[in-house]
Amino acid sequence: MTPGDQHSDAPAAQPVRSDAERNRGRILAAARAVFGRDGLGASMASVARETGVGIATVFRHFPTKEALVAAVFSDRMDAYADAVATALDHPDPWHGFIGYIETACAMQAADSGFADVLTMTFPTAKAMEKRRNEAYEGMVELISRAKATGRLREDFDPSDLVLLHMANLGVVNACGDAAPDAWRRVVALMIQSFEAPARGTLPASPEHDALYRAMLRAAPVSGATRKPEQSS
């Protein structure tokens, strides 16, 4: 092949790349809509239908459902981590703490898919899990500061925030558009229960490994890889 041949071939490749980029963008937009409406229980086939492409096209861009979830919600996880950072910057740690809770729970209420994400874990989505871990470390520091003010009960455990997200998810899913603001009352009740002085002792918090297994088990992505015979 001569240099002139190579040059003449180059423009022809550009539309292929552009088409692939457009398809990827369409798939992500469709997945945001489907997961935001139906949660992560929605299938890859549902995303393909929303996009208007064959399911094999979806799997060519995102070989697993976990890869698609990570691409769709990376910006939401960034916003979640930023909410923790904002709370840490608040001059009053207690108000920073309750502000974080209200923000995070509002994010769940606004997006069913992200509501699921906060109660699950995705081991192969390294970048997203890294941001989650950074947020968790910030939350641990925030909890310590809030306790130092005397406003947060001493037996509050970081796992209680995971349980709060699980509880909020249940309320959001159960009430739906019939009572879309019901979660606000539940969150307010929970915040009041977190405040010192404690009105009684609590049962032991779940062990970290046990809670991690519960979050892993909840993620509806196992086996969500493309089958070799699929094509389009």
Side-chain angles (χ1 to χ4, degrees), residues 24-44 46-47 49-51 62 65-90 95-122 125 127-136 138-139 142-143 158-194 211 214-215 218-221:
R24 187 178 191 277
R26 289 172 58 207
I27 292 166
L28 285 173
R32 287 190 184 98
V34 171
F35 292 151
R37 180 184 67 235
D38 302 330
L40 297 191
S43 67
M44 296 287 268
S46 297
V47 173
R49 285 193 296 272
E50 183 83 11
T51 310
F62 302 99
K65 188 174 182 182
E66 192 163 295
L68 179 58
V69 168
V72 168
F73 292 106
S74 62
D75 59 339
R76 303 300 291 160
M77 188 58 76
D78 285 342
Y80 174 74
D82 288 346
V84 177
T86 298
L88 284 168
D89 286 341
H90 198 289
H95 284 97
F97 174 74
I98 62 176
Y100 153 74
I101 290 176
E102 291 167 346
T103 298
C105 289
M107 291 174 72
Q108 284 189 295
D111 187 324
S112 292
F114 193 66
D116 285 336
V117 167
L118 288 186
T119 65
M120 300 173 183
T121 189
F122 306 90
M128 188 169 73
E129 290 303 309
K130 181 175 182 291
R131 287 295 275 158
R132 188 204 300 272
N133 289 336
E134 290 170 356
Y136 177 81
M139 285 190 297
L142 182 61
I143 289 167
S159 66
D160 292 326
L161 288 177
V162 179
L163 298 178
L164 170 62
H165 289 319
M166 290 178 171
N168 192 47
L169 171 64
V171 172
V172 169
N173 285 343
C175 293
D177 57 7
D181 290 328
W183 67 272
R184 297 182 185 278
R185 182 175 177 85
V186 173
V187 170
L189 288 168
M190 296 291 279
I191 289 172
Q192 290 182 31
S193 75
F194 297 157
L211 200 54
M215 294 175 70
V221 295

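Everything numeric in this text was worked out from a predicted model, so none of it was measured.
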Peer 1: How close do V34 and A42 get, heavy atom to heavy atom, and via which atoms?
Peer 2: CG1-CB, 3.4 Å

Peer 1: Which heavy atom of P158 sits nearest to which heavy atom of I143, and what is that distance?
Peer 2: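 The pair with the smallest heavy-atom distance is CA-CD1, 3.7 Å.
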
Peer 1: Run the salt bridge (Lys or Arg N to Asp or Glu O under 4.0 Å) test against D38 and tell me which residues pass, sequence neighbours left out.
Peer 2: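 For D38, no residue satisfies salt bridge (Lys or Arg N to Asp or Glu O under 4.0 Å) once neighbours in sequence are set aside.
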
Peer 1: For the residue pair I98 and F194, establish whether any side-chain heavy-atom pair is separated by less than 4.5 Å.
Peer 2: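 They are not in side-chain contact.
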
Peer 1: List the atom of R76, the atom of M107, and the distance in Å for their closest heavy-atom pair.
Peer 2: O-CE, 3.5 Å

Peer 1: State, yes or no, whether a side-chain contact exists between V171 and V187 at a heavy-atom distance under 4.5 Å.
Peer 2: no

Peer 1: Hey, is the main chain of Y80 close enough, under 3.5 Å, to the side chain of R131 for a donor-acceptor pair?
Peer 2: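 No, R131 side chain to Y80 backbone: no donor-acceptor pair under 3.5 Å.
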
Peer 1: Does atom CZ of R24 have more than 12 heavy-atom neighbours, drawn from other residues, nucleotides or ligands, at distances under 6.0 Å?
Peer 2: no

Peer 1: Could you go step by step and tell me if W183 and C175 meet the side-chain contact (heavy atoms from CB on, under 4.5 Å) rule?
Peer 2: CA-CA 8 Å; W183 67 272; C175 293; over 6 Å; no

Peer 1: What are the two closest heavy atoms between A219 and T121, and how far apart are they?
Peer 2: CB-O, 3.7 Å

Peer 1: Give the minimum heavy-atom separation between L118 and A104, together with the two atoms involved.
Peer 2: CD1-O, 4.3 Å

Peer 1: OH of Y100 to NE2 of H90: how many Å apart, nearest 0.5 Å?
Peer 2: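 So the OH of Y100 and the NE2 of H90 are separated by 16.0 Å.
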
Peer 1: Give, for atom CG of L88 and atom CZ of F97, the distance between the pair rounded to the nearest 0.5 Å.
Peer 2: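 Output value for this atom pair is 11.5 Å.
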
Peer 1: Counting distance only, does the side-chain N/O of E129 pair as donor-acceptor with the main-chain N or O of F122 below 3.5 Å?
Peer 2: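 Flag set: sc E129 to bb F122 pair under 3.5 Å.
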
Peer 1: Search all heavy atoms of R132 against all heavy atoms of M215 and return the closest pair with its distance.
Peer 2: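 That closest heavy-atom pairing would be NH1-CE, 4.0 Å.
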
Peer 1: Counting C-beta onward and ignoring hydrogens, is there a side-chain heavy-atom pair between V69 and V117 closer than 4.5 Å?
Peer 2: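 Side-chain contact under 4.5 Å: yes.
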
Peer 1: May I have the step-by-step check of side-chain contact (heavy atoms from CB on, under 4.5 Å) for M190 and D160, ending in yes or no?
Peer 2: CA-CA 10 Å; M190 296 291 279; D160 292 326; over 6 Å; no

Peer 1: Would you compute the distance between atom OG1 of T86 and atom CG of L142 and round it to the nearest 0.5 angstrom?
Peer 2: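 Output value for this atom pair is 11.0 Å.
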
Peer 1: Rounded to the nearest 0.5 Å, what separates atom CZ in F73 from atom CG in D116?
Peer 2: 8.0 Å

Peer 1: Check whether any side-chain heavy atom of F35 sits under 4.5 Å from a side-chain heavy atom of V47, and report yes or no.
Peer 2: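 In short, these two side chains touch, coming nearer than 4.5 Å.
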
Peer 1: Rounded to the nearest 0.5 Å, what separates atom CZ in R32 from atom CG in D75?
Peer 2: 5.5 Å

Peer 1: For a side-chain contact (heavy atoms from CB on, under 4.5 Å) check, start with the C-alpha distance between E50 and R37, then their side-chain angles and the critical distance, and finish with the verdict.
Peer 2: CA-CA 12 Å; E50 183 83 11; R37 180 184 67 235; 4.0 Å; yes

Peer 1: Rounded to the nearest 0.5 Å, what's the gap from CD on Q108 to OG1 on T103? Could you check?
Peer 2: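 So the CD of Q108 and the OG1 of T103 are separated by 12.0 Å.
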
Peer 1: Do the non-hydrogen side-chain atoms of L28 and L68 ever get within less than 4.5 Å of each other?
Peer 2: yes

Peer 1: Is the shortest heavy-atom distance from the side chain of T119 to the side chain of N168 under 4.5 Å?
Peer 2: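 The answer is no, as the side chains (C-beta and beyond) never meet within the 4.5 Å cut-off.
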
